[in-house]
Amino acid sequence: MSHQFPPENPHPLIENFPNDSKDRAEQVATIAVSAAHPREDLGLVALDYEGPEVTRKELWSYYLYYNGDNGVGPLGYSMTLFQSLAQAAGYDPVAGPGSSCSAPDASGQCVLPWAGGTKAVNSIVLIANGLSFMFMTLIFTTIGSAADYGSFGRWLLLVLTVVCWAAQFGSMGLLGPAQWQAAMALYMIGFISYGATLVFYAAIFPRLARNTPHSRALRERYERREIVAAEYEQEESLEKNRISNISTMHSNWGYLFTLLLNLSVLLPLQNDPKVDKTNAYWVILGIWWFIYQQPRPGPPLPKGESYLTIGWKQIWQACKQYKKLPYTFIYLVSFFLLADGLNTTGTLVSICQNDLFQFSFLQNTYLGLAQAITSIISTGGFWYIQRYWKIKTKPMFIVTNVFTIFIPLWGMIGLWTNKIGFHNAWEFWFYNVVFGLFQAPYYAFSQTIMAELTPPGFDNMYFGLFGLSNRASSMIGPNVIQAIINNTGNNWDGFPFLFALCTAASIVIWFGVDVEKGRHQAVEFAKLERSKNKEGTESLEDTKGTVM
């Protein structure tokens, strides 16, 4: 059923008052609420356009998918396996070819043949990350917008999920150092497809949040003028935060469960690097989303358009209209730099961690458990605080962000002293605890801000751009850092650049993004786009239609 806004006059609550069936005080109170309601068009999309109401099974299958898609394999074990095999295949440049990088008298440097010369193993790891992010960029820009049309997005997520599963199972067939190139390829395929699944999975949640029973009831109350626009926006934003935080919490529960599952195998087989059982866990939990997901197809692909070209056309059209979405684009650009810095920081810390613990899968599992447990506690705790005091999303994001930018600062201290700055085992325990306490809710709140700034009905397109700013952002950091490390041979020389990058980007978001105004701009943009499509005009500037 399509819901329309009530007419201006006469007011429906006044016109239909039965004189003898309601208490006069109740009538006056209802009229007062209606009179105070601003005549602000929030650009609500018709319910029949949004698809059916979200069911309990559908919502739980959504949570379970993220529970399985927790990143333990693609982000943890695959990278460790790749780096370990590459290190074993490399040689000490001081001792020459044929030497071992792990020999007692080794210089601490390790290189591999690369492009007619040699390159440090850690630089190759960073190059693999940079190439992965580049391919993610191509995916998000080329077919990200296409996922908003028809059922393409549904099938796209399924294909990407199966590819990631295959890459993870393929890693089990790696036999030794001679296959480090295959390990690099499988790591990249798994990492690329994993990052893409997260982006297109996240693009689903704004529409889910708009169509839960609670959101639909809120919408009906707003259309009946029982609540004002500000209350409606606050409650709908909290509903987005609820789904984002619960799904993030499920991801961390999955992170914990898979680590415990692996630990049960790692303890008796700790010298076998191929005991990762996380992929089977994801298959078992993730398949239900594709069974219980209800059909919510987007509009048909415009006549004459192609799924491979419409993405670039729409991105170009959106970029030309950036003045109508200034806060959305400020957030996207700033978050690109912030995520670039933080993602590269995580990679650099992992490299230092693997060097210190000699690529121990068992030690990495223990550290991951510390991160998983604190992530679960913090995500639930931050959500409880926000819900109880009804705090807006941006202040919550700022709190988590302040602590995450301390991570590259801590690494930078390690340039001037060996006492602290990721030189000791206890610091990696501390890092994983801090990461869990603040980085997990940071991801949840940053995702909700993006949902607020996304024009309704263009979720995949703008979450694809957000994917560039988040999952595929690390194109600058890895390339800069690998060049620094390759020239100096010191991992810690990369931290000052990362700290400066994260701090500058954070300040822009804190003071340059108004989420409330950005939300209204996004709604207005969506209205104009839908009006343009409805009337068949060429330019957004000439569109004067109204929202459905």
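Please read these numbers as outputs of a predicted model, since none were measured by experiment.
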Residue pair Thr404 / Pro408: nearest heavy atoms and the distance that separates them: O-CD, 3.6 Å
Plane angle bin for Phe82 and Trp180 - parallel if under 30°, tilted between 30 and 60°, otherwise perpendicular: parallel
Spacing of Ile287 atom CD1 and Tyr292 atom OH [to the nearest 0.5 Å]: 11.5 Å
For Phe205 against Lys240, the heavy-atom pair lying closest together: CE1-O, 3.4 Å
Between OH on residue Tyr327 and CD1 on residue Ile449, distance to nearest 0.5 Å: 14.0 Å
Taking every non-hydrogen atom, the tightest pair across Ala202 and Gln447: CB-OE1, 3.2 Å
Asp459 versus Thr454, side-chain donor and acceptor atoms under 3.5 Å: no
Nearest non-hydrogen partners of Ala372 and Tyr255, listed with the distance: CB-CD2, 3.3 Å
Gap between atom CD1 of Ile127 and atom CE of Met188 - 0.5 Å precision: 10.5 Å
OH (Tyr322) with more than 12 external heavy atoms under 6.0 Å: no
Approximate separation, where rounding is to 0.5 Å, of Asn122 CG and Gln83 CD: 5.5 Å
Value rounded to 0.5 Å, distance of CG in Leu369 from CG in Leu259: 5.0 Å
Check against side chain to side chain contact (heavy atoms under 4.5 Å, CB included), Val513 and Leu453: CA-CA 10 Å; Val513 177; Leu453 298 174; 4.2 Å; yes
Check: Val125 and Gln482 side chains under 4.5 Å, non-hydrogen atoms: no
Check against side chain to side chain contact (heavy atoms under 4.5 Å, CB included), Gln353 and Leu367: CA-CA 10 Å; Gln353 178 177 301; Leu367 293 169; 3.4 Å; yes
Test item: Thr197 side-chain N/O and Leu160 main-chain N/O as donor-acceptor pair under 3.5 Å: no
Phe357 atom CZ: more than 12 heavy-atom contacts under 6.0 Å: yes
Minimum side-chain heavy-atom gap Trp289-Leu157 below 4.5 Å: yes
Derivation and outcome, side-chain hydrogen bond (donor to acceptor under 3.5 Å, both in side chains), residues Gln87 and Ser102: CA-CA 8 Å; Gln87 188 86 3; Ser102 58; over 6 Å; no
Residue pair Asn67 / Asn252, side-chain heavy-atom distance below 4.5 Å: no
Donor-acceptor contact present, side-chain Arg387 to main-chain Asn241, <3.5 Å: no
Neighbour count above 12 (heavy atom, 6.0 Å) for Lys392 NZ: no
Heavy-atom donor-acceptor pair, Asn460 side chain to Ala203 backbone, under 3.5 Å: no
Over all atoms of both residues, closest heavy-atom pair of Pro496 and Leu415: CG-CD1, 3.5 Å
No-hydrogen, no-angle side-chain donor-acceptor test under 3.5 Å, Trp410 and Glu427: yes
Phe397 and Tyr331 aromatic ring geometry - parallel, tilted or perpendicular at 30°/60° bounds: perpendicular
More than 12 heavy atoms of other groups within 6.0 Å of Trp429 CH2: yes
Check: Ser123 main-chain N/O paired with Asn486 side-chain donor or acceptor under 3.5 Å: no
Check: Asn490 and Ile484 side chains under 4.5 Å, non-hydrogen atoms: no
Flag for Asp92-Gln109: side-chain donor and acceptor within less than 3.5 Å: no
Atom of Gly98, atom of Tyr91 and distance for their closest heavy-atom approach: N-CB, 4.1 Å
Close side-chain approach of Phe135 to Ile139, heavy-atom, < 4.5 Å: no
Donor-acceptor contact below 3.5 Å, side chain Ser145 vs main chain Thr141: no
Side-chain donor-acceptor contact under 3.5 Å, Asn424 with Asn418: no
Plane angle bin for Tyr63 and His250 - parallel if under 30°, tilted between 30 and 60°, otherwise perpendicular: parallel
Check against side-chain hydrogen bond (donor to acceptor under 3.5 Å, both in side chains), Asn245 and Thr379: CA-CA 6 Å; Asn245 278 277; Thr379 305; 5.6 Å; no
Thr417 side chain to Gly414 backbone, donor-acceptor under 3.5 Å: no
Ring center gap for Phe191 and Tyr187 short of 6.0 angstrom: yes
Gln168/Ser78 under side chain to side chain contact (heavy atoms under 4.5 Å, CB included): CA gap, chis, key distance, verdict: CA-CA 8 Å; Gln168 291 298 287; Ser78 290; 3.2 Å; yes
Pair Thr393-Glu452, side-chain donor/acceptor within less than 3.5 Å: no
Mutual orientation of the aromatic rings belonging to Tyr462 and Phe458 [parallel < 30°, tilted 30-60°, perpendicular > 60°]: perpendicular
Thr503 (side chain) donor-acceptor with Ala500 (main chain) under 3.5 angstrom: no
Flag for Asn401-Trp510: side-chain donor and acceptor within less than 3.5 Å: yes
Side chain proximity check, Gln386 to Leu238, heavy atoms < 4.5 angstrom: yes
Ring pair (Phe, Tyr, Trp, His ring centres under 6.0 Å) involving Phe445 - partner list, sequence neighbours excluded: none
Approximate separation, where rounding is to 0.5 Å, of Tyr194 OH and Met136 CE: 9.5 Å
Ring centre gap for Trp253 and Phe257 strictly below 6.0 Å: yes
Worked verdict on Thr328 versus Met450 for side chain to side chain contact (heavy atoms under 4.5 Å, CB included): CA-CA 8 Å; Thr328 301; Met450 188 65 240; 4.2 Å; yes
Contact check, side chains of Trp282 and Asn70, non-hydrogen atoms, under 4.5 Å: no
Side chain proximity check, Phe140 to Phe466, heavy atoms < 4.5 angstrom: no
Tyr442/Phe403 aromatic ring centres below 6.0 Å: no
Polar side-chain atom of Thr118 near backbone of Trp114 as donor-acceptor pair, under 3.5 Å: no
Test of ring centre spacing under 6.0 Å for Tyr201 and Tyr65: yes
